[in-house]
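Everything on this sheet refers to the single structure shown next.
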Amino acid sequence: QVQLVESGGGLVQAGGSLRLSCAVSGGPFNSYSMGWFRQAPGKEREFVAAISWRGGTTDYSNSVKGRFTISRDNAKNTVYLQMNSLKPEDAAVYYCAASLRSTSSGIPYLYDWWGRGTQVTVSS
């Protein structure tokens, strides 16, 4: 069974940085494209970033482009989300997801497995 475990969330001041990690087990990580999504209270889950199975293609939402960077280490079965210049509106629970598709996508229903999320809080 494929399992995803996020870590690295926490409280940070506006303008600060955090790096989220998502460790994947139970399946061939280097066959999955990976994505990060987030959900703030009272809002729908939204796409943040995605990366293809080999890491050659990345996609970002307009709201994080230029501030966040998604990467993966296939040797460690881990995907990362480096978040810089954080804003209060970035506060949310961040989820990583894995897809059997080789190409990256921002569409939640194309992902097959999800982690439980990690909380990111940004103080102003």
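In plain terms, the two heavy atoms of G8 and L18 that are nearest each other are O-CD2, 3.8 Å. The two residues A14 and S124 have their closest heavy-atom pair at CB-CA, 4.3 Å. Scanning all heavy atoms of the two residues, the minimum distance from L4 to C96 falls at CD2-SG, 3.5 Å.
If you take CG on L110 and OG on S99, they are separated by 6.0 Å, rounding to the nearest 0.5 Å. How far CD1 of I51 is from OG1 of T103: 12.5 Å, rounded to the nearest 0.5 Å. In this structure, CE in M34 is found 15.0 Å from CZ in R101, a value given to the nearest 0.5 Å. If you take CD on Q82 and CZ on R19, they are separated by 7.0 Å, rounding to the nearest 0.5 Å. Here CG of L86 is found 6.0 Å from OG of S17. Values are rounded to the nearest 0.5 Å. To the nearest 0.5 Å, atoms CD (Q1) and OG (S25) are separated by 9.0 Å.
Using a 4.5 Å cut-off between side-chain heavy atoms of Ile, Leu, Val, Met, Phe, Trp and Tyr, with links allowed through other members, V48 and Y111 fall into different hydrophobic clusters. W114 and L20 are assigned to two separate hydrophobic clusters, defined by single-linkage of ILVMFWY side chains at heavy-atom distances under 4.5 Å.
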Could you give me the CA-CA distance, side-chain angles and deciding distance for V24 and V2, then say whether side chain to side chain contact (heavy atoms under 4.5 Å, CB included) is met?
CA-CA 7 Å; V24 180; V2 178; 4.0 Å; yes

Stepwise salt bridge (charged side-chain N to carboxylate O under 4.0 Å, His left out) check, D90 with R67:
CA-CA 11 Å; D90 293 318; R67 299 187 297 122; 2.7 Å; yes

Please walk me through it: do M83 and V120 pass side chain to side chain contact (heavy atoms under 4.5 Å, CB included)?
CA-CA 10 Å; M83 305 186 295; V120 171; 3.9 Å; yes

Given Y80 and I70, is the side chain to side chain contact (heavy atoms under 4.5 Å, CB included) satisfied, shown in steps?
CA-CA 6 Å; Y80 305 97; I70 188 171; over 6 Å; no

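Relative to the ring axis of W53, R72 does not place its NZ or CZ within 45° and under 6.0 Å from the centre. Cation-pi geometry between R116 and Y95 is not satisfied (NZ or CZ under 6.0 Å from the ring centre, within 45° of the ring normal).
At a cut-off of 3.5 Å, with distance as the only test, a side-chain donor of D59 or S104 sits close to an acceptor on the other residue.
Residues F37 and F47 place their aromatic rings such that the two centres sit under 6.0 Å apart. If you look at W113 and Y32, their ring centroids are closer than 6.0 Å. Aromatic pair W36/F68: centroids not less than 6.0 angstrom apart.
The side-chain contact (heavy atoms from CB on, under 4.5 Å) test with R38 is passed by exactly one of L81, V93, V64: V64.
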